[in-house]
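Working notes, beginning with the structure itself.
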Amino acid sequence: MKSRAARSPSGVKGPRAEICNGILIRPCHGIEEFKACIKVERAVWKSADIDVVPIPLFVIASETGGQVIGAFHGRNVVGFTMAIAGWRDRKPFLHSHMTAVLDRYRDCGIGRRLKLFQREDALARGISLIEWTFDPLIAKNAYFNLMRLGAVARRYLPNAYGITTSPLHAALPTDRLVAEWHLRSPRVRRMLAGKHATPVFSKKAARISIAANLEDTKRSDPAKAVRRQSEIRAQFMRLLGKGYAATAVAPNQSGVDYILEPWKEP
Ligand SMILES: CC(C)(COP(=O)(O)OP(=O)(O)OC[C@H]1O[C@@H](n2cnc3c(N)ncnc32)[C@H](O)[C@@H]1OP(=O)(O)O)[C@@H](O)C(=O)NCCC(=O)NCCS
């Protein structure tokens with residue numbers, strides 16, 4: 001993982017400071033801003049047209065209780081998050097379908113600011129759960145979701161979206177963990193306050209290892225990546241099936257370990 005030392009609570013230091021600190025996060029309005037989000041979507045996922053989430057869905061998300069939130073550098077959208085409204089356990093929740101930041105704007109806190117804005121907006125409307133899916137093989141996303149935002153994962157969806165045209169997915173089955181972000185939970189409040197330095201795990205905790213270079217393996221040796229993905233899928237399905245939840249990731253010598261614990265409460 002890259003060093004995060006260049007960051008401070010007051011913002012980004014160093015040569016990128018001007019760009020990173022000059023970003024405004026706000027809801028997007030109107031077709032032109034939705035088109036600008038789709039430009040980011042295309043730049044990040046590089047999918048063929050059939051896999052691109054189109055303008056009407058952005059309109060529907062923003063008109064039916066979902067969210068389209070942009071990160072603006074001047075008039076340009078450089079990142080966005082988009083969620084649709086859902087209904088779970090007799091309560092409204094948000095399903096956050098896409099969050100993306102343009103490559104050259106990454107690692108300076110924009111993704112985190114988008115998610116925090118998303119949380120505040122949801123809470124202000126009485127919504128206390130946001131879910132989204134993420135690729136368990138991408139350690140950065142796992143760290144962001146579990147360790148920085150305080151989400152947990154209890155469900156694993158094998159090949160959730162089928163094989164897509166996005167080079168980001170490298171023609172692998174789109175296996176996904178479902179992140180549950182229980183916005184008011186003590187765990188989330190603790191994580192957002194940065195109090196995750198010395199977590200105490202259950203004695204029954206189990207680990208699943210992900211090699212740091214798996215992202216490269218997807219491209220250099222797809223057959224090996226598929227084999228490794230199947231092994232990881234089997235491990236997740238077994239533990240989640242026994243009532244465990246993925247609650248943390250910890251660095252190991254060659255990548256990261258997911259920590260799974262018997263699930264008690266959000
Ligand atoms: C996921 C994504 C939106 C994050 O955006 P970002 O602006 O780079 O994120 P941030 O700079 O706010 O970093 C968020 C957290 O990710 C983690 N992180 C960031 N860069 C990292 C790196 N190089 N290595 C490991 N962890 C890293 C950190 O936990 C960081 O929080 P912290 O700095 O407070 O510790 C961005 O990487 C992206 O667009 N990825 C491609 C699309 C995607 O996978 N979307 C998510 C699934 S829909």
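Ligands are counted one by one from 1 in listed order, and the atoms in each one are counted from 1 as well. Residues take their numbers from the sequence shown, with the count starting at 1.
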Determine whether the aromatic ring centres of F72 and F80 lie less than 6.0 Å apart.
no
Practice problem: Say whether F134 and ligand 1 are in contact under the criterion: heavy-atom distance to a ligand atom below 4.0 Å. | Solution: no
Of D51, T174, D175, T133, the one forming a side chain to side chain donor-acceptor pair (under 3.5 Å) with Y161 is T133
So the atoms of ligand 1 within less than 4.0 Å of a heavy atom of R112 turn out to be 12 (O), 34 (O)
Next on the checklist: With nothing but distance in play, are any N or O atoms of M98 less than 3.5 Å from an N or O of ligand 1?
Outcome noted: no
Counting from 1 in the order shown, the ligand 1 atoms closer than 4.0 Å to a non-hydrogen atom of G109 are 10 (P), 11 (O), 12 (O)
Inset, instruction - Could you tell me whether the SG atom of C108 lies less than 2.5 angstrom from the SG atom of C20? - result: yes
Nearest heavy atom to atom 47 (C) of ligand 1, choosing from N141, V40, I110, belongs to N141
All heavy atoms of I69 vs all of C28, minimum pair found to be C-SG, 4.0 Å
To atom 8 (O) of ligand 1, the nearest of D107, T99, I23 on a heavy-atom basis is D107
Checklist entry - Quick one: does G111 get an N or O within less than 3.5 Å of an N or O on ligand 1? => result yes
Between the CG atom in L214 and the CD1 atom in I232, the distance rounded to the nearest 0.5 Å is 5.5 Å
Aromatic rings Y105 and H73: how do their planes relate, parallel, tilted or perpendicular, breaks at 30° and 60°? perpendicular
Any heavy atom of R106 under 4.0 Å from ligand 1? The part involved is both
Contact region, C108 to ligand 1, non-hydrogen atoms below 4.0 Å, reads backbone
Can you check whether Y143 has an N/O within less than 3.5 Å of an N/O in ligand 1? no
Problem set entry | Centroid-centroid under 6.0 Å between Y258 and F236 rings | yes
message: Would R148 count as a polar contact of ligand 1, with the cut-off being nitrogen or oxygen pairs under 3.5 Å?
response: yes
Checking heavy atoms under 4.0 Å, the part of V44 that sits near ligand 1 is side chain
Does NZ or CZ of K242 fall inside the cone over W263's six-membered ring, less than 6.0 Å from its centre and within 45° of the axis? no
